[in-house]
Amino acid sequence: MIDLNATGDGLEGYPLWVAQLQALLAGERDFIANAAQFSAFVFNELPDLNWAGFYLNRNGELLLGPFQGKVACVRIPFGQGVCGTAAASGRPQRVEDVHTFAGHIACDSASNSELVVPLVKQGRLLGVFDLDSPRVGRFSEADQAGIEALLAVFLEATDL
Ligand code: SME
């Protein structure tokens, strides 16, 4: 469990990013503004990413939302690719090497590993947050927990 009250010396990594994100999103509750800020924050703070952004649930299809990185696929059906698998199952997908994931959708050929976390509020699937890295095995279990903590801050700070 991340200690949100820890603000002293030695604060780094996800605990620091959680505190910074809370400060960044304070005072604004608009979904598009906060989702855009969230994507830019994650993309620029976390090392070794080539894409970070939202796909939103639009009637059983994922639609591209605010993101940072190269232009990407706009619509992804539930069940397809890493994002559609996360959406259909409601479970995070942490893929060490995307080239071994059957059905992976290659938007940027630089991507070698991927983490997709479902965005759920009160049992409702709002979409997914997708991170891509050029480094094989970039995302650890700690990264998954850290991204989930950052998304919890986003959900708490935003009107949906
Ligand atoms: N690779 C994803 C598609 C989205 S892009 O990575 C931005 C997938 O397989 O679902």
Side-chain angles (χ1 to χ4, degrees), residues 13-14 17-18 20-21 24-25 28 30-160:
Y14 286 100
W17 292 327
V18 162
Q20 289 175 328
L21 183 68
L24 178 68
L25 300 184
E28 180 54 65
D30 180 80
F31 178 82
I32 292 178
N34 284 0
Q37 290 283 64
F38 184 90
S39 298
F41 179 81
V42 169
F43 185 75
N44 287 291
E45 294 304 318
L46 276 64
D48 297 340
L49 300 183
N50 61 304
W51 204 90
F54 291 88
Y55 277 94
L56 304 172
N57 181 1
R58 293 287 182 267
N59 303 316
E61 191 175 41
L62 291 172
L63 178 65
L64 183 65
F67 73 95
Q68 296 275 308
K70 287 190 178 174
V71 293
C73 328
V74 175
R75 291 180 187 270
I76 300 175
F78 274 33
Q80 288 190 18
V82 185
C83 291
T85 300
S89 65
R91 292 176 180 214
Q93 302 292 309
R94 195 162 58 82
V95 183
E96 296 267 310
D97 181 350
V98 294
H99 306 292
T100 65
F101 188 100
H104 166 253
I105 301 165
C107 291
D108 181 348
S109 61
S111 300
N112 281 315
S113 63
E114 184 159 359
L115 173 64
V116 183
V117 177
L119 196 62
V120 179
K121 182 127 185 188
Q122 288 160 354
R124 201 159 52 95
L125 180 78
L126 305 172
V128 301
F129 190 72
D130 180 21
L131 302 102
D132 286 10
S133 173
R135 180 149 66 82
V136 172
R138 160 69 182 81
F139 304 104
S140 64
E141 280 183 31
D143 286 300
Q144 184 179 320
I147 293 296
E148 286 170 348
L150 292 172
L151 284 169
V153 171
F154 167 74
L155 288 173
E156 188 62 37
T158 304
D159 288 335
L160 302 157

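Note that ligands are numbered from 1 as they come in the structure, with each ligand's atoms numbered from 1 the same way.
Not one N or O on the side chain of N112 forms a donor-acceptor pair closer than 3.5 Å with the backbone of V136. Formation of a donor-acceptor pair under 3.5 Å by the Q93 side chain with backbone atoms of R91 is found in this model.
Of all protein heavy atoms, the one closest to atom 6 (O) of ligand 1 is D132 OD2, 2.7 Å. Looking from atom 5 (S) of ligand 1 to the surrounding protein, the closest heavy atom is C107 SG, 3.2 Å. If you check which protein heavy atom lies closest to atom 4 (C) of ligand 1, you get D130 OD2, 3.4 Å.
Note: W51 and Y55 have parallel aromatic rings, judged against thresholds of 30 and 60 degrees for the angle between ring planes. Ring orientation note: the planes of F154 and F38 are tilted relative to one another, at an angle of 30° to 60°.
Contacts of F67 with ligand 1, taken as heavy-atom pairs under 4.0 Å, are absent altogether. Residue contacts with ligand 1 for V82 involve both N, CA, C or O and side-chain atoms from C-beta outward (heavy atoms, distance under 4.0 Å).
At a threshold of 4.0 Å, the pair R138-D143 counts as salt-bridged, since one of the basic side-chain nitrogens sits closer than that to a carboxylate oxygen.
Of the N or O atoms in I105, one or more lie within a sub-3.5 Å distance of an N or O in ligand 1. Considering both main-chain and side-chain atoms, W51 never comes within under 3.5 Å of ligand 1 through any nitrogen or oxygen pair. The N/O atoms of C83, backbone and side chain alike, include one that comes under 3.5 Å of an N/O atom in ligand 1. Considering both main-chain and side-chain atoms, E114 comes within under 3.5 Å of ligand 1 through a nitrogen or oxygen pair.
Of all atoms in ligand 1, numbered sequentially from 1 with element shown, those under 4.0 Å from a heavy atom of H104 are 1 (N), 9 (O). Counting atoms of ligand 1 from 1 in the listed order, those under 4.0 Å from a heavy atom of G81 are 9 (O), 10 (O). Heavy-atom proximity to Y55, at under 4.0 Å, picks out these atoms of ligand 1: 4 (C), 7 (C).
Residues N50 and S111 have side chains that bring a donor and an acceptor to within less than 3.5 angstrom of each other.
At a threshold of 4.5 Å between non-hydrogen side-chain atoms, the residues L126 and L155 count as touching. Looking at V116 and F139, their side chains never come closer than 4.5 Å, going by heavy atoms from C-beta outward.
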>> Could you go through N34 and T158, starting from their C-alpha distance and side-chain angles, then the distance that decides it, and tell me whether this counts as side-chain hydrogen bond (donor to acceptor under 3.5 Å, both in side chains)?
In response: CA-CA 7 Å; N34 284 0; T158 304; 3.1 Å; yes

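Ligand 1 is never approached by F101 to a heavy-atom distance shorter than 4.0 Å.
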